[in-house]
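Source: prediction; values computed, not measured. Convention: sequence-line order gives letters A, B, ...; per-chain numbering from 1.
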Amino acid sequence: MADDRTQDENRLIAERRQKLDALRERGNPFPNDFHRNALADELQHMYGAHDNDTLAEEHVEVAVAGRMMVKRVMGKASFIKLQDRSGQIQVRLERDRLPEGVYQDFKKWDVGDILGARGSLFHTRTGELTVMADEALLLAKSLRPLPEKWAGLTDQEMRYRQRYVDLIINESSREVFRKRSRIITYMRGFLESLDFLEVETPMMQVTPGGAIARPFRTHHNALDMPLFLRIAPELNLKRLIVGGFERVYEINRNFRNEGVSTQHNPEFTMMEAYRAYADFNDWMDSTEAMLHGMADAVNGTTIISYQGEEYDFGKPFPRLTLEEAIVQHNPGCDTSKMRDRDYLAAWCEKLGAPVKDGYGAGKLQTEIFDETCEAKLREPTFITQYPAEVSPLARKNDDDPFVTDRFELFIAGREIANGFSELNDPEDQAERFRAQAANRDAGDHEAMAFDHDYIRALEYGMPPTAGIGVGIDRLVMLFTDSPSIRDVLLFPHLRPEVFE
RNA sequence: GGGGGUAUAGCUCAGUCGGUAGAGCAUCGGCCUUUUAAGCCGCUGGUCCUAGGUUCGAAUCCUAGUGCCCCCA
């Protein structure tokens, strides 16, 4: 026990431990037989408008419980506020109304303690709905003092490391994560209404695939073999299209062994959906419809306010090709040389973007796009026709095989979604894998491995299909006006804390 | 990987030119039966991130390191 009294003990905690020790003398200080029958917000909605005469007639007996966030002792009577998952409710405790000794005990309870109280409702002079307690008890002692009530908790590091404290203190933080849940619920509903089947595919894969990214590696002891955390569920979901489900989706974590930033966490949540007998245009339409409906349902308006800018999710999103975007944002470029490797390479050099021997015109185009266009795409915009060179799983365009039938959706200068008509020609796919494998052999850790089973699956025949991936975290950032991905992850990745 | 910012009481923050460490809130003690950041009186509470260095003297200046934040690659 003594060993648990950790290094950051201080006088405030020691005082509370003594109070807990005293409670232990009198029995179990963590009772589990208090039955709450009302939430703070329910009471506000049901009885907030009733006057005191009505409340006295009704004599509503309630049992409330939660964390004591405010404690105001005024001699023989006190006001406290209990916070539960719905909100806060005030409770009045009067010495002479409570059972013998309870009020004296209460004076020793601390802000942060978990309490239960039973009593009837009334309004104070200033009109606040309040429970007049006939009974009050301590349900769980809090040993650590909470941040101060007015300034609250603002220290970013503590907000991320001790999210539980952030959630206790900051309603805005609680609201971010409620909204995150509503976004995902809406998305599920949208897909279910289109008869999509939710599935779960492996997180641990022998051959990581489905994206261009570096994977995390782990090891299976019993089988004595390496395994990789998935970078995308894509190939497995398309195996299920081959299997005949026709419409499947998965909302789950991906893992990418890359840098950490305000836009990147090593693990992040992606929604991927695949629909047979559809093409990438259908997915652009559905994505627009989904985001429109989501904004209405989750935020109550189609206008998304993000970091001082406003975007209208109610309007159709402009669609332009990658080459059109480059031309539009680079007046003066030579439009006749948009696929001239030498021209593009020189341009990249000027931009300071890497140019390697293996890079073709398509790869160089995307570098120029990333450097000169991406950040400028503020309003929701679909960029279409990505080069085949950088789209190893996408179907080539029938009229222009340099590009694929692919799109990415940009909002506020960031990629939010990526979709395309799927490559279902097994021989073309095998050829693309071979090209990726060559890059891999040349030292590109992000290049895809050749997935023989995936080719075998395609050889059984995959119907014409289109798929999409939506970055959930970035979407939640937009909907909650959060500047950093860490603000929308309950437990963002941080360097480990050292406990001495 | 590079650059910038930041780190002081439980929390939020001051700290002047290098000269004994400060405030508000919280805690603790006293008063107070309708408060709303309740009020009044009193007392506590510090590894000034860490390790070196300069100096008679360092929260303050220098060097290195660490965490977090931001920007860039």
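In this structure, A:His329 NE2 and A:Glu324 CD are separated by 12.0 Å, a value rounded to the nearest 0.5 Å. For the atom pair CG (A:Asp473) and CE (A:Met270), the distance works out to 10.0 Å, reported to the nearest 0.5 Å. In this structure, OG1 in A:Thr384 is found 11.0 Å from CD in A:Glu408, a value given to the nearest 0.5 Å.
Rounded to whole Å, atom C1' of B:U27 lies 12 Å from atom NZ of A:Lys108. Distance CZ (A:Arg92) to C1' (B:C32): 12 Å, rounded to an integer number of Å. Taking atom NZ on A:Lys19 and atom C1' on B:A26, their separation rounds to 11 Å, with Å as the unit. Look at CD1 on A:Ile80: it is 17 Å from P on B:U34, rounded to the nearest Å. Atom-to-atom, CD1 of A:Ile169 to P of B:C25 comes out at 17 Å; the value is rounded to the nearest Å. The interatomic distance linking A:Met69 (CE) with B:U36 (P) rounds to 19 Å, in whole Å. Summarising the geometry, the separation between CD on A:Glu157 and P on B:C49 is reported as 14 Å, rounded to the nearest angstrom. For the pair A:Trp150 CH2 and B:C13 P, the computed distance is 15 Å after rounding to whole Å.
Taking atom C1' in both B:U8 and B:U47, the straight-line distance is 11 Å, to the nearest Å. Here, B:G45 and B:U36 have their C1' atoms 28 Å apart, quoted to the whole Å. The same atom, C1', is picked in B:A23 and in B:G4; the two are 30 Å apart, to the nearest Å. For the C1' atoms, the distance from B:C13 to B:C71 is 26 Å, rounded to whole Å. Taking the C1' atoms as reference points, B:U27 lies 8 Å from B:U44, given to the whole Å. The P atoms of B:U55 and B:C49 are separated by 23 Å, rounded to the nearest whole Å. Nucleotides B:U60 and B:G18 have their C1' atoms positioned 7 Å apart, rounded to a whole Å. Taking atom P on both B:A59 and B:A9, the two are 14 Å apart, rounded to the nearest angstrom.
Put simply, the side chain of A:Ser78 and the base of B:U35 share no donor and acceptor less than 3.5 Å apart. Remark: the A:Gln90 side chain and the B:U35 base include a donor-acceptor N/O pair separated by less than 3.5 Å. No N or O donor and acceptor, one from the side chain of A:Thr126 and one from the base of B:U34, sit under 3.5 Å apart.
Across all strands shown, A:Tyr160 has heavy atoms under 4.0 Å from sugar-phosphate atoms exclusively, and none from any base. Here A:Glu497 lies out of heavy-atom contact (under 4.0 Å) with every strand. At a threshold of 4.0 angstrom between heavy atoms, the contacts of A:Val111 with the nucleic acid are absent. If you check every strand for non-hydrogen atoms under 4.0 Å, A:Arg495 touches sugar and phosphate atoms only. Note on A:Thr262: only backbone sugar-phosphate atoms sit closer than 4.0 angstrom, heavy atoms only; bases stay farther off.
A heavy atom closer than 4.0 Å to some atom of RNA chain B occurs in no member of residues 60-67 of chain A. Within residues 472-494 of chain A, the residues having any heavy atom closer than 4.0 Å to RNA chain B are, in order of number, A:Ser484, A:Arg486, A:Leu494. Annotation: proximity of residues 93-107 of chain A to RNA chain B (heavy atom, distance under 4.0 Å) is found for A:Glu94, A:Asp96, numbered in ascending order.
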Run the numbers on A:Arg67 and A:Asp113 for salt bridge (Lys or Arg N to Asp or Glu O under 4.0 Å), then give the verdict.
CA-CA 6 Å; A:Arg67 190 182 297 277; A:Asp113 287 353; over 6 Å; no

Please encode protein proximity along nucleotides 40-45 of chain B as a string of B, S and -, counting only heavy-atom distances under 4.0 Å.
----BS

Which nucleotides of nucleotides 5-11 of chain B have their base under 4.0 Å from a protein heavy atom (B), which only their sugar-phosphate (S), and which neither (-), written as one string 5' to 3'?
-----BB

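If you check B:C68 for Watson-Crick or wobble pairing at under 3.5 angstrom, you find it paired to B:G5. Look at B:C25: its Watson-Crick or wobble partner, with both distances under 3.5 angstrom, is B:G10. Nucleotide B:A51 is matched to B:U63 when pairs are restricted to Watson-Crick or G-U wobble geometry with both distances under 3.5 angstrom. Base-pair partner of B:G19: B:C56 (Watson-Crick or G-U wobble, both distances under 3.5 Å). For B:G45, there is no paired base (Watson-Crick or G-U wobble, both distances below 3.5 Å).
Of the N and O atoms on the side chains of A:Thr54 and A:Asp51, at least one donor lies less than 3.5 Å from an acceptor on the other residue. Checking A:Asn265 against A:Arg486 by side-chain atom types alone, no donor-acceptor pair falls below 3.5 Å. The closest side-chain donor-acceptor pair between A:Asn330 and A:Thr372 falls under 3.5 angstrom. For the residue pair A:Asp84 and A:Ser86, a side-chain donor N or O sits within less than 3.5 Å of a side-chain acceptor on the partner. Side-chain atoms of A:Glu58 and A:His50 include a donor-acceptor pair closer than 3.5 Å. Defined by atom type and a distance below 3.5 Å, a donor-acceptor pair is present between the side-chain atoms of A:Ser391 and A:Arg406. Looking only at atom types and distance, the side chain of A:Glu57 has no donor-acceptor partner in the side chain of A:His59 under 3.5 Å away. With hydrogens and angles left out, the side-chain atoms of A:Tyr311 and A:Ser305 include no donor and acceptor closer than 3.5 Å.
Within a 6.0 Å sphere centred on CZ of A:Arg434, heavy atoms belonging to other residues, nucleotides or ligands number more than 12. By the neighbour-count criterion of 12 heavy atoms within 6.0 Å, atom CG of A:Asn32 is sparsely surrounded, having that number or fewer from other residues, nucleotides or ligands. Within 6.0 Å of CD on A:Gln307 lie more than 12 heavy atoms contributed by other residues, nucleotides or ligands. No more than 12 heavy atoms of other residues, nucleotides or ligands lie within 6.0 Å of CZ in A:Arg214, so this atom counts as exposed by the packing criterion. Environment of CE in A:Met46: sparse, with no more than 12 heavy atoms of neighbouring residues, nucleotides or ligands closer than 6.0 Å.
Nearer the 5' end of RNA chain B, as judged by each residue's closest nucleotide, is the contact made by A:Lys149, out of A:Lys149 and A:Pro354.
Taking the side chain of A:Glu15 as heavy atoms from C-beta on, and the options B:U36, B:C28, B:U34, the nearest nucleotide is B:C28.
Listed by first and then second residue, the ring-ring contact (aromatic ring centres under 6.0 Å, His included) pairs involving residues 349-376 of chain A are A:Phe369-A:Phe410 (not counting sequence neighbours).
Under the 4.5 Å side-chain criterion, counting only non-hydrogen atoms from C-beta, A:Leu229 is not in contact with A:Asn257.
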